[in-house]
Amino acid sequence: MTDDTAAKEERIVAARMRLRDRFEARMADTPAMADEAPMGTGPANRHGMPQVPPGQHLAKGWPVLDLGRKPEVATGEWRLELAGAVARPVALTWDDLQALPQVDDVSDFHCVTTWSKLDVPWRGVRFADLAALAEPDDDADFVLCHGYDGYTTNVRLEEALKPDVLIAHTVYGEPLAREHGGPARMITPQLYAWKGAKWISKIEFLTENRLGFWEQRGYSDTAHPWRNDRYS
Ligand SMILES: Nc1nc2c(c(=O)[nH]1)N[C@H]1C(S)=C(S)[C@@H](COP(=O)(O)O)O[C@H]1N2
Ligand SMILES: [Mo]
């Protein structure tokens with residue numbers, strides 16, 4: 001390893017640790033994690049609670065929701081930009097994504113239009129591991145996620161740092177289908193599913209909140225399914 005590479009790795013590890021400290025400090029005073037059972041992150045976290053959040057029912061199959069466009073992005077062309085309030089903007093290639101630590105996680109998926117899917121087995125890269133690569137500024141409190149279809153959605157950084165938030169490329173052991181956001185999408189199991197951008201192209205770190213597509217149209221900024229938090 002060259003000195004350069006070693007220094008870079010050290011910086012990324014330091015950024016990862018700063019993000020973790022921040023996440024833990026914030027979680028200590030947010031209701032979602034102060035609850036004994038945070039609920040929403042899959043079987044281990046439902047603790048005998050009702051199967052689906054208030055007003056939700058189990059979906060048959062897996063509905064597809066989009067803006068009427070399903071962009072086709074070949075993995076060779078795919079880039080994921082990390083930009084905005086960060087020390088080191090980067091554009092990851094598909095190989096870069098695959099070279100990061102890969103995580104398997106089973107989580108629940110709640111669409112605000114009232115259907116839910118339970119126990120979805122995803123594989124991908126933790127948002128927190130990705131974010132560290134760009135070294136977000138300490139006052140970057142929000143992210144705006146962009147899709148190749150022009151979609152946007154905003155997420156508080158602390159929500160995005162939850163360990164079940166992934167940039168997922170595989171589901172049920174198969175490459176993520178284009179209709180569900182393949183080659184890669186974000187998932188936010190503890191928030192309504194519109195907060196997870198399909199065909200994710202860019203994660204913009206922001207010091208001030210900026211509303212995404214549905215948030216501008218009256219959907220909740222915070223979007224917690226277990227609090228029936230659908231509209232603003
Ligand atoms: N890029 C993009 N991401 C998106 C959307 C979209 O229209 N475009 N729809 C959102 C909504 S409303 C939901 S419920 C989920 C649906 O994911 P699915 O089609 O895989 O069920 O994706 C979210 N992410
Ligand atoms: Mo949705």
Side-chain angles (χ1 to χ4, degrees), residues 40-42 52-75 77-83 92 97 105-124 127 130 142-156 159-160 162 164-204 210-232:
T41 65
V52 292
Q56 297 291 112
H57 66 271
L58 285 178
K60 293 200 180 70
W62 188 353
V64 171
L65 277 97
D66 56 47
L67 302 176
R69 292 185 291 278
K70 293 175 181 57
E72 183 159 14
V73 188
T75 54
E77 309 282 299
W78 183 90
R79 294 289 180 280
L80 175 55
E81 235 188 289
L82 307 180
L92 297 173
L97 184 76
D105 192 54
V106 176
S107 61
D108 300 340
F109 194 93
H110 307 296
C111 173
V112 71
T113 63
T114 76
W115 57 268
S116 292
K117 276 180 73 63
L118 301 181
D119 304 340
V120 184
W122 297 97
R123 183 173 177 79
F127 174 94
L130 264 177
F142 309 91
V143 293
L144 187 67
C145 300
H146 301 248
Y148 279 95
D149 58 343
Y151 184 80
T152 55
T153 185
N154 61 299
V155 185
R156 289 195 60 95
E159 287 292 338
K162 288 183 176 175
D164 53 4
V165 175
L166 307 181
I167 306 301
H169 51 70
T170 299
V171 68
Y172 297 107
E174 302 284 343
L176 182 62
R178 174 171 155 203
E179 60 179 3
H180 290 300
R185 73 175 300 163
M186 184 149 140
I187 54 158
T188 57
Q190 302 194 40
L191 303 178
Y192 285 113
W194 88 77
K195 293 288 186 181
K198 294 160 72 164
W199 312 290
I200 192 164
S201 61
K202 180 168 158 185
I203 300 170
E204 203 180 343
R210 200 188 309 153
L211 300 182
F213 182 88
W214 287 117
E215 293 82 3
Q216 287 170 29
R217 288 161 177 79
Y219 280 94
S220 169
D221 200 2
T222 43
H224 287 286
W226 291 97
R227 298 182 211 155
N228 210 353
D229 170 21
R230 297 170 193 268
Y231 310 104
S232 58

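Indexing begins at 1, ligand by ligand and atom by atom, following the structure's order. Numbering of residues begins at 1 and proceeds along the displayed sequence.
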task: Examine the proximity of ligand 1 to F213 and report which part, side chain or backbone, both or neither, has a heavy atom under 4.0 Å away.
output: neither
- prompt: Do any nitrogen or oxygen atoms of W194 lie less than 3.5 angstrom from nitrogen or oxygen atoms of ligand 1?
  reply: no
message: For ligand 1 and W199, I'd like to know whether there is a polar contact (N/O to N/O, distance under 3.5 Å).
response: no
message: We want to know whether D229 and T222 form a side-chain donor-acceptor pair, criterion being a heavy-atom distance below 3.5 angstrom.
response: yes
query: Would W115 and T113 count as having a side-chain donor-acceptor pair, cut-off 3.5 Å?
result: yes
query: Tell me: protein heavy atom nearest atom 15 (C) of ligand 1, and distance?
result: R185 NH2, 3.6 Å
message: Set out, in order, the CA-CA distance, both residues' side-chain angles and the distance that settles salt bridge (Lys or Arg N to Asp or Glu O under 4.0 Å) for R210 and E204, then state yes or no.
response: CA-CA 10 Å; R210 200 188 309 153; E204 203 180 343; 3.3 Å; yes
- prompt: Does ligand 1 have any atom sitting under 4.0 Å from a heavy atom of F109?
  reply: yes
message: Surrounding CD of Q216 (heavy atoms of other residues, nucleotides or ligands, distance under 6.0 Å), is the total greater than 12?
response: yes
message: Distance alone, cut at 3.5 Å: any donor-acceptor contact between the side chains of E215 and T153?
response: yes
- prompt: How far is atom 19 (O) of ligand 1 from its nearest protein heavy atom, and which residue and atom name does that atom have?
  reply: K198 NZ, 2.5 Å
- line: protein heavy-atom neighbour closest to atom 21 (O) of ligand 1 works out as P63 O, 2.8 Å
field: atom 14 (S) of ligand 1: nearest protein contact (heavy atom, Å)
entry: C111 SG, 3.3 Å
Nearest neighbour in protein (non-hydrogen) for atom 6 (C) of ligand 1: Y151 CD1, 3.5 Å
task: Could you list which atoms of ligand 1 come closer than 4.0 Å to a heavy atom of L67?
output: 7 (O)
L65 N/O under 3.5 Å from ligand 1 N/O: yes
message: Show the atoms of ligand 1 that are less than 4.0 angstrom away from any heavy atom in W115.
response: 21 (O)
query: Would you call the rings of W62 and F109 parallel, tilted or perpendicular if under 30° counts as parallel and over 60° as perpendicular?
result: perpendicular
field: side-chain contact (heavy atoms from CB on, under 4.5 Å), paired with I203, selected from L92, I167, L144
entry: I167
message: At less than 4.0 angstrom from any non-hydrogen atom of A197, what atoms of ligand 1 do you find?
response: 3 (N)
field: cation_pi(R217, F213) dist<6.0 Å, angle<=45
entry: yes
message: Please list, in number order, the atoms of ligand 1 under 4.0 Å from a heavy atom of V64.
response: 19 (O)
query: Does a donor on one side chain sit under 3.5 Å from an acceptor on the other, for H146 and T152?
result: no
field: Protein heavy atom at shortest distance from atom 8 (N) of ligand 1
entry: D149 OD2, 2.8 Å
task: Distance to 0.1 Å, residue and atom name: give those for the protein heavy atom nearest to atom 24 (N) of ligand 1.
output: G196 O, 2.8 Å
field: Atoms in ligand 1 flagged as close to H180, the criterion being non-hydrogen separation under 4.0 Å
entry: 18 (P), 19 (O), 20 (O), 21 (O)
- prompt: What's the shortest heavy-atom distance between D221 and K195, and which atoms?
  reply: O-NZ, 2.7 Å
- prompt: Is the shortest heavy-atom distance from the side chain of D108 to the side chain of D119 under 4.5 Å?
  reply: yes
task: Identify, for atom 7 (O) of ligand 1, the protein heavy atom at the shortest distance, and state residue, atom and that distance.
output: D66 CA, 3.1 Å
